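Below is one structure, written out as structure tokens; the observations come after it.
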2 protein chains.
Amino acid sequence: MKNRMPAQPPHPADDVLDHVGYRLKRAHAALRAAMDKALREHGLTVPQYSCLEVLAARPGMSNADLARATFVTRQSMNVVMRGLLDAGLIDRPGTVETGRARPTTLTADGQRLLRAAQESVYAVETRMVRALPGRRLAALIEDLDRVAQALDE
Amino acid sequence: MKNRMPAQPPHPADDVLDHVGYRLKRAHAALRAAMDKALREHGLTVPQYSCLEVLAARPGMSNADLARATFVTRQSMNVVMRGLLDAGLIDRPGTVETGRARPTTLTADGQRLLRAAQESVYAVETRMVRALPGRRLAALIEDLDRVAQALDE
DNA sequence: TCGGGTATGTCAACATTCTGACATGCAACC
DNA sequence: GGTTGCATGTCAGAATGTTGACATACCCGA
């Protein structure tokens with residue numbers, strides 16, 4: 001209905017649609033949609049892929065660790081892991097010598113599927129990076145980290 | 001369990017946690033949590049606030065317009081609007097002369113509540129902006145827009 | 001040794017959001 | 001006029017996520 005003019009908005013600078021938070025939300029929504037589409041052909045959801053990916057980089061993480069790393073609650077990660085366990089993509093000892101946290105690892109199937117999915121997802125990431133002019137990638141990452149840190153405390 | 005060292009990760013550069021997508025997700029999660037906390041005292045959720053905010057900047061938007069502007073489906077925005085209608089914060093004509101799209105506007109109560117909520121939310125946004133060194137804000141916004149555009153097509 | 005304090009895994013209830021579907025309304029084109 | 005295409009609003013069901021709660025397990029100081 002209303003026309004969108006992202007390049008030259010016909011509004012004062014304090015328009016909501018010009019705020020950083022809105023742009024951040026917009027970029028995140030676009031990334032989420034692109035990843036969702038890329039992962040569909042591999043039969044994975046974004047949380048499932050995130051779990052596998054983090055697990056490949058940091059083998060032996062517990063359920064609570066994975067929840068924190070992927071920004072969801074322990075309970076949500078619990079159902080994600082149940083799905084991955086049923087699919088035989090991850091493995092976890094039934095009991096552990098000390099504590100309650102059980103270390104999780106990728107199975108051979110999990111590693112295979114992850115490698116296949118990574119090709120699709122990394123293509124998405126490449127599209128992102130190529131859209132950035134010059135050496136702005138490092139600056140963008142640094143700024144995102146500063147923002148996250150400022151908001152966390 | 002694993003120690004986090006965001007400044008100097010003890011891993012190769014191709015670690016997932018170093019990717020742009022991960023940092024984007026992380027920053028968005030932090031923003032979402034901060035806004036959630038700021039809005040709780042006003043009795044608003046983030047989608048509800050987004051709806052009011054966009055509606056203040058672009059009065060007369062339809063349900064589908066608002067859904068697109070806030071990156072949710074029409075169906076989701078429908079239930080958000082139902083809550084705002086029941087709370088008397090927005091208003092919408094029962095019928096319209098032409099078409100199906102009904103223009104929505106803020107009520108006086110909606111404008112009052114939005115103004116109060118904006119103070120809390122803008123404080124969050126200020127925290128974000130202050131965390132950015134020098135004149136990097138404009139560059140960050142521009143980069144986020146480029147990323148979103150590259151992923152949308 | 002024995003409490004607090006904290007972290008974990010999991011269950012249940014609730015909310016939020018999505019996908020699928022359908023009816024309605026308009027425009028364009030034959 | 002009729003039909004095709006597209007956008008909108010809304011219903012129903014399923015998937016996904018959350019908060020709240022509880023039992024368990026470690027750590028640490030009194």
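As the structure is a prediction and not an experimental result, all values here were calculated from the model. Proteins come first, then strands; the chains are lettered A, B, ... in the order of their sequence lines, and each starts at number 1.
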State plainly whether the residues [X] and [Y] are in salt-bridge range, i.e. N to O under 4.0 Å.
X: R82(A); Y: D86(A); value: no
X: R127(B); Y: E153(A); value: no
X: E119(A); Y: R115(A); value: no

[X] [atom1] to [N] [atom2]: how many Å, rounded?
X: M81(B); N: dT8(D); atom1: CE; atom2: P; answer: 13 Å
X: Q75(A); N: dT16(C); atom1: CD; atom2: C1'; answer: 16 Å
X: R92(A); N: dT8(C); atom1: CZ; atom2: P; answer: 13 Å
X: R74(B); N: dT24(C); atom1: CZ; atom2: C1'; answer: 12 Å
X: E97(A); N: dA25(D); atom1: CD; atom2: C1'; answer: 13 Å
X: H28(B); N: dG17(D); atom1: NE2; atom2: P; answer: 14 Å
X: N63(A); N: dG17(D); atom1: CG; atom2: P; answer: 13 Å
X: F71(B); N: dT17(C); atom1: CZ; atom2: C1'; answer: 16 Å

Can you see if the side chain of [X] gets near the phosphate of [N] - specifically, an N or O under 4.0 Å from OP1 or OP2?
X: T73(A); N: dT18(D); value: yes
X: R102(B); N: dG25(C); value: no
X: S76(B); N: dT16(C); value: no
X: R82(B); N: dG9(D); value: no
X: T98(A); N: dC26(D); value: yes

Quiz item: Quick one: on DNA chain C, does A64(A) or D36(A) contact a more 5' nucleotide (nearest heavy atom)?
Solution: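 Counting from the 5' end, the first nearest nucleotide belongs to A64(A).
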Quiz item: What does T45(B) touch in the nucleic acid at a heavy-atom separation under 4.0 angstrom: a base, only the sugar-phosphate, or nothing?
Solution: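 Nothing: the residue T45(B), judged by heavy atoms under 4.0 Å, touches no strand.
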Practice problem: Assign V72(B) to base, sugar-phosphate, or nothing according to its heavy-atom contacts below 4.0 angstrom with the strands shown. | Solution: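 If one applies the 4.0 Å heavy-atom cut-off, V72(B) turns out to touch the sugar-phosphate alone, with no base involved.
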Self-check item: Minimal non-hydrogen separation, T70(A) against C51(A), with atom names
Solution: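 Looking at all heavy atoms of both residues, the shortest contact is CG2-N, 4.4 Å.
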Quiz item: Looking only at heavy atoms, which two atoms of A101(A) and P103(A) are closest? And how far apart?
Solution: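 A101(A) and P103(A) have their closest heavy atoms at O-CD, 3.8 Å.
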Practice problem: Consider the side chain of N78(B), meaning its heavy atoms from C-beta on, and name the nucleotide among dC18(C), dT19(D), dG9(D) that approaches it most closely. | Solution: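 Of the candidates, dG9(D) comes closest.
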Exercise. Please tell me which of the listed nucleotides, dG25(C), dT8(C), dA12(D), lies nearest to the side chain of R100(B)?
Key: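 Of all the options, the side chain of R100(B) is nearest to dG25(C).
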